[in-house]
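Read the numbers this way: they start at 1 and go in the same order the structure lists the ligands and their atoms.
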Amino acid sequence: MNNTQSTGLIFELSKSGRRCHRLPKCDVPNSARIDQMIPKEYLAKQVLPLPEIGEIDLIRHFTNLSARNMSIDTNFYPLGSCTMKYNPKRHERIAAFPGFANLHPLQDDDTIQGMLELLHSMQEYLAEISGLPAVSLQPAAGAQGELTALFVAAAYFRDKGETHRRKVLVPDSAHGTNPASAALAGFDTITIKSGANGLVDLDDLKSKLGADTAVFMITNPNTLGLFETQIQEITELLHAQGALVYLDGANMNAILGITRPGDFGADMQHYNVHKTFTGPHGGGGPGSGPIAVRDYLAKYLPAPIVVKEGDRFRLNYNMPQSIGRVRSFFGTIGILFRGYCYIRTLGPDGLKQVSEHAVLNANYLRARVSEGYEVPHAGPCMHEFVASARKLLREKKVRAMDVCKRLLDYGFHAPTVYFPMVVSEALMFEPTETESKETLDAFAEVMLKIANEDPEVLRTAPHTHIISRPDEVKAAKEPVLRWTKA
Ligand SMILES: Cc1ncc(COP(=O)(O)O)c(C=O)c1O
């Protein structure tokens, strides 16, 4: 944060001589003192200018800073495609149990039987939910799950002697990680157009599908919040060409217990445990992106996999055709724990209810928001929907970004903006199942109010936040995280 951005918050609190610690008198003998052991040239030449501050001021400073963030615990957070649902606090307590939290990943299998059983169960639950029998818990996020599955596909085609399959087909509505993963895995990406109805254009798919196709990556429901109703026909077309179908499982929150990717023809998929199964995320992680694949692809999964032998569990590294590790140790265990708790708590019927309520909430909000904004694709939607601010742009020169910034003034996190790219001035809302009707109504009222506000107020929003409109690219690529004295 630089000085201009920090207006309103006093950063320079240091006063010489203030302390918030009291150390015991040093009882280390001179001969054992670190400054006696390190060669003089490596020692600090001057006392570091560390802040000197009393405890109460220090606590207030950081508490006030933390309260300037929006989070799912403080604000409605309808960030489309991110499934910002409530993260039950019970999961935090369980994940912190010393029996789990204090394990070391290098411990012998015999001493971590409980943990291995839990991971093994998680593998089985994810297999059952997807209808795809073999699971790797290793990938650390959805994007890494995509990449891992594409490595698996490459190994499969290599074994079959079909290295001419160089192409990965990706719909134009797909998340950017799909083409990025395909490129990183060494494939050529071919874009498939969406039709006017927002679904995959079958004619375009047929014209680009061929003997050189390796994988079709599809998101279902897609990023417009629409179920790809032709999915069965699509998967049959791909299979007839000997290609594989990959399901981007970021939108599993819409279909849990209702339909299974394996049943509608997907051969591989990833989960975003941090979205669908309540891992706390946002602010950069941590993620967990396990993949599930068909049985004939199991041998290529990253090793190790947890296996059960009698009533014992062990990590199986003996997988000669495995693509190798994609992450250290066994995956993002802490997030997998939380997902495990969630699945066990809800059970099959509860998970189905989650999706039913997520879809209901999205359709309710869609109906309310469409009173003031265009919603380009016909409903009903699945767990999210995409509206457009293009009418505001046409009539008032107000952009989707201005609407998002203004929402912050009213205490709501913004929706996803300018994605998917097939909708101009896109605003993508995903309310999730955990929000009440009152919250959805309050949000809808604000959206409608904003549509009628003074354009200048919108263009200069937010008016209540210290950081208002940072350079979005630089904020991510060259963040200034330290305050410096002017
Ligand atoms: C549709 C879709 N696919 C893939 C991803 C990538 O997932 P992750 O952020 O866990 O890497 C996202 C993330 O937002 C997404 O929305």
Run the ring-ring contact (aromatic ring centres under 6.0 Å, His included) check on H175 and F419 step by step: do they pass? CA-CA 8 Å; H175 195 259; F419 175 74; 5.5 Å; yes
Expected output: side-chain K208 to main-chain T191 donor-acceptor under 3.5 Å: yes
Atom 16 (O) of ligand 1: the protein heavy-atom neighbour that sits closest, reported with distance to 0.1 Å: S81 OG, 2.4 Å
Numbering the atoms of ligand 1 from 1, which are under 4.0 Å from a heavy atom of K275? 12 (C), 13 (C), 14 (O), 15 (C), 16 (O)
Heavy-atom contacts with E146 under 4.0 Å: which atoms of ligand 1 show up? List them by number with element. 3 (N), 4 (C)
Is it the side chain (CB and beyond), the backbone, both or neither of A250 that lies under 4.0 Å from ligand 1, heavy atoms counted? side chain
Donor-acceptor pair, Y317 side chain versus A303 backbone, under 3.5 Å? no
Check: F337 ring centre within less than 6.0 Å of F100 ring centre: yes
What's the shortest distance from atom 8 (P) of ligand 1 to any protein heavy atom, and which residue and atom give it? G142 N, 3.5 Å
Geometric N/O contact A143 with ligand 1, under 3.5 angstrom: yes
Hey, do the aromatic rings of Y77 and F412 have their centres closer than 6.0 Å? no
Quick check against the 3.5 Å criterion: does D201 have a side-chain atom that pairs as donor or acceptor with the backbone of S194? no
Report yes or no: does S207 contribute a side-chain atom to a donor-acceptor pair with the main-chain N or O of D204 at less than 3.5 Å? yes
Contacting atoms of ligand 1, where contact means under 4.0 angstrom from a heavy atom of H274: 10 (O)
Option passing salt bridge (charged side-chain N to carboxylate O under 4.0 Å, His left out) with E374 (candidates R366, R394, K391): R394
I'd like to check whether T223 has a polar contact with ligand 1, where a contact means an N/O of the residue lying under 3.5 Å from an N/O of the ligand. no
How far is atom 5 (C) of ligand 1 from its nearest protein heavy atom, and which residue and atom is that? H175 ND1, 3.5 Å
Do any nitrogen or oxygen atoms of D248 come within less than 3.5 Å of a nitrogen or oxygen of ligand 1? yes
Taking only non-hydrogen atoms of N272 and a 4.0 Å limit, the atoms of ligand 1 in range are 7 (O), 8 (P), 10 (O)
